[in-house]
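Along the sequence shown, residues are numbered consecutively beginning with 1. Just follow the structure's listing: the first ligand is 1, and inside any ligand the first atom is 1.
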Amino acid sequence: LVASMEGPEETYIMVKPDGVQRGLVGEIISRFEKKGFLLKGLKLFQCPKDLAEEHYKDLKERPFFPKLIEYITSGPVVCMAWEGAGVVASARKLIGATNPLQAEPGTIRGDLAVQTGRNVVHGSDSPENGKREIALWFKEGEICEWVPAQAPWLR
Ligand code: RTP
């Protein structure tokens, strides 16, 4: 997949299976919604193994890779596409450090998690990967291009 860098900045955010099992979906969506980013894709989805492996292909050689794939495919995830200027870096800040014990209070992981292997949410690490991951996880027709009625307040 060659992700085009045209168009507005976008990031792929995913509530991982532990977040879904713990009933944190609404809480996590809320953080991005209240911040003021634009939701353009959203679905509950059981991730197949091959997709999990493609998503995390850069971590293929890491010792925790098999466990990571097992975790991500262990139950449904919530896939989201969010748009906004600076959304990739800002979402990473809202999410907090990979190890929840090192994540600042006020961040999603800082407030809601304790283990690296159960860190409740994923966020793309670059605008390029944002486009790549949205193309990977969503089919054509699942992404809505829209302008919110209150747009003048935020944009
Ligand atoms: P993510 O991609 O999920 O947003 O996480 P990240 O960038 O903060 O962290 P990354 O280094 O890309 O790792 C991806 C996910 O792999 C799991 N992990 N487990 N030592 C471990 O057991 C370990 N290290 C990483 C975590 O679920 C991490 O979010």
**Student:** Quick one: which ligand 1 atoms are inside 4.0 Å of a heavy atom on Arg92?
**Tutor:** 4 (O), 6 (P), 7 (O)
**Student:** Would you indicate whether the side-chain heavy atoms of Val77 and Trp137 approach each other to under 4.5 Å?
**Tutor:** yes
**Student:** Is it the case that the side chain of Ser90 and the backbone of Val87 share a donor-acceptor pair, with hydrogens and angles ignored and the cut-off at 3.5 Å?
**Tutor:** no
**Student:** Arg109 near ligand 1, heavy-atom distance under 4.0 Å?
**Tutor:** yes
**Student:** Nearest protein heavy atom to atom 17 (C) of ligand 1, by residue and atom, and its distance?
**Tutor:** Leu68 CD1, 3.7 Å
**Student:** Check whether Asn119 reaches the backbone of Thr98 with its side chain - one donor and one acceptor, N or O, closer than 3.5 Å.
**Tutor:** yes
**Student:** Considering only heavy atoms from C-beta outward, does the side chain of Ile13 approach that of Ile95 to under 4.5 Å?
**Tutor:** yes
**Student:** Report the member of Phe64, Tyr12, Phe65, Tyr56 with the shortest heavy-atom distance to atom 18 (N) of ligand 1.
**Tutor:** Phe64
**Student:** Quick one: do Leu38 and Trp146 satisfy side-chain contact (heavy atoms from CB on, under 4.5 Å)? Show the steps, please.
**Tutor:** CA-CA 9 Å; Leu38 182 75; Trp146 63 291; 3.4 Å; yes
**Student:** Can you list the ligand 1 atoms lying under 4.0 Å from a non-hydrogen atom of Thr116?
**Tutor:** 18 (N), 19 (N), 23 (C), 24 (N), 25 (C), 26 (C), 27 (O)
**Student:** Among Glu6, Glu10, Glu83, exactly one meets salt bridge (Lys or Arg N to Asp or Glu O under 4.0 Å) together with Lys131. Which residue is that?
**Tutor:** Glu10
**Student:** For ligand 1, which atoms have a heavy atom of Lys16 less than 4.0 angstrom away?
**Tutor:** 3 (O), 27 (O), 28 (C), 29 (O)
**Student:** Pick, from Val120, Ile72, Asn119, the option with the minimum heavy-atom distance to atom 28 (C) of ligand 1.
**Tutor:** Asn119
**Student:** Taking everything shown except Glu104 itself, do over 12 heavy atoms lie less than 6.0 Å from its CD?
**Tutor:** no
**Student:** Give the atoms of ligand 1, by number and element, whose distance to some non-hydrogen atom of Gly123 is under 4.0 Å.
**Tutor:** 4 (O)
**Student:** Could any protein non-hydrogen atom be found less than 4.0 Å from atom 5 (O) of ligand 1?
**Tutor:** yes
**Student:** Does Glu128 pair with Arg132 as a salt bridge, N-O distance under 4.0 Å?
**Tutor:** no
**Student:** What is the nearest protein non-hydrogen atom to atom 2 (O) of ligand 1, stated with its residue, atom name and distance?
**Tutor:** His122 ND1, 2.9 Å
**Student:** Could you check which of Asn99, Asp58, Leu59, Thr98 puts a non-hydrogen atom nearest to atom 9 (O) of ligand 1?
**Tutor:** Thr98
